[in-house]
Amino acid sequence: RPGDHKAYMQLALEHARKSPPKPTNYRVGAVLVDLATNEILATGYTLELPGNTHAEQCCFMKLAEKHGVSEENLKQVLPPELALYTTVEPCSKRLSGNLPCVERVLRLAGSIRTVYVGIMEPETFVAENTGRLSLENAGISVVHVEGLEKDILEVATAGHVRG
Ligand SMILES: Nc1nc(=O)c(N)c(NC[C@H](O)[C@H](O)[C@H](O)COP(=O)(O)O)[nH]1
Ligand SMILES: [Zn+2]
């Protein structure tokens, strides 16, 4: 249903639960929605695809694969009004050095209009996630969907040694 942000975030959390726990990242789930049709274009979760992949990255890689384009060229085949739901805000820096998801989202600016986040990134790995500002500067709204923070954090950090 249009505007049912919590339902989409709950779905993203269900995908996050499929992610294998690791002490060096978070277990995140993401859902990409076509706002014109309310169709779910892609889902993803951390490490779903081979390599050290992130949830948002998996959404984009799967959709690119489906359309027979590279992830870099995904923008060419995307509808004009999308929303990305991700349980943890897109990363702005990755300790692995891989391309952060904020950069991957910015490539899709103009199609992705809004990023809905369940929680902002904790400071375990990256002291300050600067993603929100970068996204807003590119005209992409970042909206915090309230109410699932506790569950999202629990799932995200399940692989971490309890301090
Ligand atoms: N939004 C988001 N989606 C994910 O799927 C994921 N795993 C993270 N995690 C952010 C965290 O900052 C990085 O996981 C660490 O910085 C380690 O970087 P790598 O994951 O090894 O590239 N953040
Ligand atoms: Zn990421």
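What's counted below: heavy atoms across the whole structure, side chains too, no hydrogens, waters or symmetry copies. Indexing begins at 1, ligand by ligand and atom by atom, following the structure's order. We number each residue from 1, following the sequence as shown.
Aromatic pair His160/Tyr26: ring centres closer than 6.0 Å. Not less than 6.0 angstrom separates the ring centroid of His54 from the ring centroid of Phe60.
Scanning the protein for heavy atoms near atom 17 (C) of ligand 1, the closest one is Thr24 O, 3.4 Å. When only non-hydrogen protein atoms are considered, atom 20 (O) of ligand 1 lies nearest to His54 NE2, 2.7 Å.
Contacts between Tyr26 and ligand 1, counted as non-hydrogen atom pairs separated by less than 4.0 Å, involve both the backbone and the side chain. Only the backbone of Pro90 comes within 4.0 Å of ligand 1, judged by heavy-atom distances.
Using the six-membered ring where Trp is involved, Tyr85 and Tyr8 have ring planes that are tilted, between 30° and 60° apart.
Under the 3.5 Å distance criterion, the side-chain polar atoms of Arg104 are left unmatched by any main-chain donor or acceptor of Glu56. Of the possible polar contacts, none joining the Arg94 side chain to the Pro100 backbone as a donor-acceptor pair under 3.5 Å is found. Between the side chain of Ser19 and the backbone N or O of Arg27 there is no donor-acceptor pair closer than 3.5 Å. Distance alone, capped at 3.5 Å, places no donor-acceptor pair between the Glu136 side chain and the Leu133 backbone.
For the pair Asn98 and ligand 1, the shortest N or O to N or O distance does not fall below 3.5 Å. Note: no N/O pair closer than 3.5 Å links Thr86 and ligand 1 by distance alone. The shortest N or O to N or O distance between Val126 and ligand 1 is not below 3.5 Å. Annotation: Glu89 places an N or O atom under 3.5 Å from an N or O atom of ligand 1; distance criterion only. For ligand 1, the polar-atom distance check against Val28 finds no nitrogen or oxygen pair separated by under 3.5 Å.
Between Val88 and ligand 1 there is a heavy-atom distance shorter than 4.0 Å. Residue Cys101 places every heavy atom at 4.0 Å or more from ligand 1.
In summary, the atoms of ligand 1 found under 4.0 Å from a heavy atom of Glu56, numbered by their order in the structure, are 1 (N), 2 (C), 3 (N), 4 (C), 5 (O). Interface of Asn25 with ligand 1, defined as ligand atoms under 4.0 Å from a residue heavy atom, comprises 7 (N), 14 (O), 20 (O). Counting atoms of ligand 1 from 1 in the listed order, those under 4.0 Å from a heavy atom of Ser96 are 18 (O), 19 (P), 21 (O), 22 (O).
Restricting His54 to its N, O or S atoms, the one at the least distance from the Zn ion (ligand 2) is ND1.
Counting only non-hydrogen atoms, the option in Glu121, Arg94, Arg27 that gets closest to atom 12 (O) of ligand 1 is Glu121.
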